[in-house]
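Structure, as structure tokens:
Not measured: the values here are computed from a predicted model.
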Amino acid sequence: IPILHTKVSNKWNAIGKIKNSIRLTEDEVIFFFEIEKNKNNGKKVVGADQGLITCLSLSDGQVTQVDKHGHDLKSIIAKLSKKRKGSKSFRRTQDHRKNYINWSINQLNFDNVKELRLEKLINVRKGRSSNRNLSHWTYTLIKDKLIMLSEIKGFSFVEQDNKFRSQR
């Protein structure tokens, strides 16, 4: 089967090679790439903190910024909380949130990073009631993007448990 390479497949070809196996679904063909384990010679161990206002703050002073249209994560979540769930505008705003998270994390510099430690968040929305804004905050999108970025850039990703943190 002849393959027409795209910008994304060229990026994966540059860091690895295409495997002989594929996965067929009803509406797509999925190709697999084999990537050699990068030995990142970084020196820094960086802590990351997810937030509702800023998407991600790193311990070396880097913070995600507002995009050129004036949106940050808080304004997108506020816009999302006003939409009716299941509507077309709700899905568009969800895509906007995902695109903003990907864009803002791509703006950060992960060169010279050996290990990235992210706070493990559990039971964020646990309780009798939760704010509607907080219910649209998806820390899993941020975590998934960082995991994917760690595989590409070659640094190790660790979820740091926050039990007894103040006693350490």
All side chain to side chain contact (heavy atoms under 4.5 Å, CB included) counterparts of K85, not counting sequence neighbours: F90, R132, H136

Would a hydrophobic clustering, with Ile, Leu, Val, Met, Phe, Trp and Tyr connected at side-chain separations under 4.5 Å, put Y100 with I53? no

Scanning both residues in full, the closest heavy-atom pair of F157 with L146 reads CE1-CB, 3.8 Å

Excluding sequence neighbours, so at least two apart, what forms salt bridge (Lys or Arg N to Asp or Glu O under 4.0 Å) with K145? none

Gap separating the NZ atom of K143 from the CE atom of M148, nearest 0.5 angstrom: 14.5 Å

Rounded to the nearest 0.5 Å, what's the gap from CD on E159 to CD1 on I147? Could you check? 6.5 Å

Sorted by first residue and then second, give each salt bridge (Lys or Arg N to Asp or Glu O under 4.0 Å) pair with at least one member in residues 91-104; sequence neighbours left out. none

Quick one: list whatever passes side-chain hydrogen bond (donor to acceptor under 3.5 Å, both in side chains) with S156, sequence neighbours left out. none

Which heavy-atom pair separates T93 from I76 by the least distance, and what is that distance? CG2-O, 3.9 Å

Using residues 61-73 as the side-chain source, report each donor-acceptor pair under 3.5 Å to any protein atom, sequence neighbours left out, with the distance given to one decimal.
| from | atom 1 | to | atom 2 | distance (Å) |
| --- | --- | --- | --- | --- |
| Q62 | OE1 | N109 | N | 2.8 |
| Q62 | NE2 | D60 | OD2 | 3.1 |
| Q62 | NE2 | N109 | O | 3.0 |
| T64 | OG1 | C55 | N | 3.0 |
| T64 | OG1 | L56 | N | 3.3 |
| D67 | OD1 | H69 | N | 3.3 |
| D67 | OD1 | G70 | N | 3.1 |
| D67 | OD1 | H71 | N | 2.7 |
| D72 | OD1 | S75 | N | 3.1 |
| D72 | OD1 | S75 | OG | 3.2 |

Hey, what else clusters with V45 if you join Ile, Leu, Val, Met, Phe, Trp, Tyr whenever side-chain heavy atoms sit under 4.5 Å? none

Nearest heavy atoms of Q50 and Y139, plus distance in Å: OE1-CB, 2.7 Å

Using the rule that Ile, Leu, Val, Met, Phe, Trp and Tyr join whenever any side-chain heavy atoms are under 4.5 Å apart, tell me whether L80 and I142 fall into a single cluster. no

Under the salt bridge (Lys or Arg N to Asp or Glu O under 4.0 Å) rule, what pairs show up with a residue in residues 9-21, not counting sequence neighbours? none

What residues, two or more places apart in sequence or in another chain, satisfy side-chain hydrogen bond (donor to acceptor under 3.5 Å, both in side chains) together with T140? none

Ignoring hydrogens, what is the shortest heavy-atom contact between K79 and K83? Give both atom names and the distance. O-CG, 3.3 Å

More than 12 heavy atoms from other groups under 6.0 Å of NZ on K74: no

Contacts table for residues 22-29: side-chain donor-acceptor under 3.5 angstrom, sequence neighbours left out:
| from | atom 1 | to | atom 2 | distance (Å) |
| --- | --- | --- | --- | --- |
| T25 | OG1 | E28 | N | 3.1 |
| T25 | OG1 | E28 | O | 3.0 |

How long is the straight-line distance from CZ of F155 back to CG of N112, given to the nearest 0.5 Å? 12.0 Å

Is V158 reachable from F110 through a run of I, L, V, M, F, W or Y residues, each pair having side-chain heavy atoms under 4.5 Å apart? no

Measure the CD1-NE2 distance between I101 and H96 for me, rounded to the nearest 0.5 Å. 10.5 Å

Can you tell me how far the CG atom of L149 sits from the CG atom of D144, to the nearest 0.5 Å? 12.5 Å

Non-neighbouring partners of N13 that pass side-chain hydrogen bond (donor to acceptor under 3.5 Å, both in side chains), sequence neighbours left out: H5

NZ-CD distance between K120 and Q160, expressed to the nearest 0.5 angstrom: 9.5 Å

Taking ILVMFWY side chains as joined if any heavy atoms are under 4.5 angstrom apart, and letting links pass through other members, which residues group with F32? I30

side-chain contact (heavy atoms from CB on, under 4.5 Å) assessment of T54 paired with D49: CA-CA 9 Å; T54 59; D49 186 29; over 6 Å; no

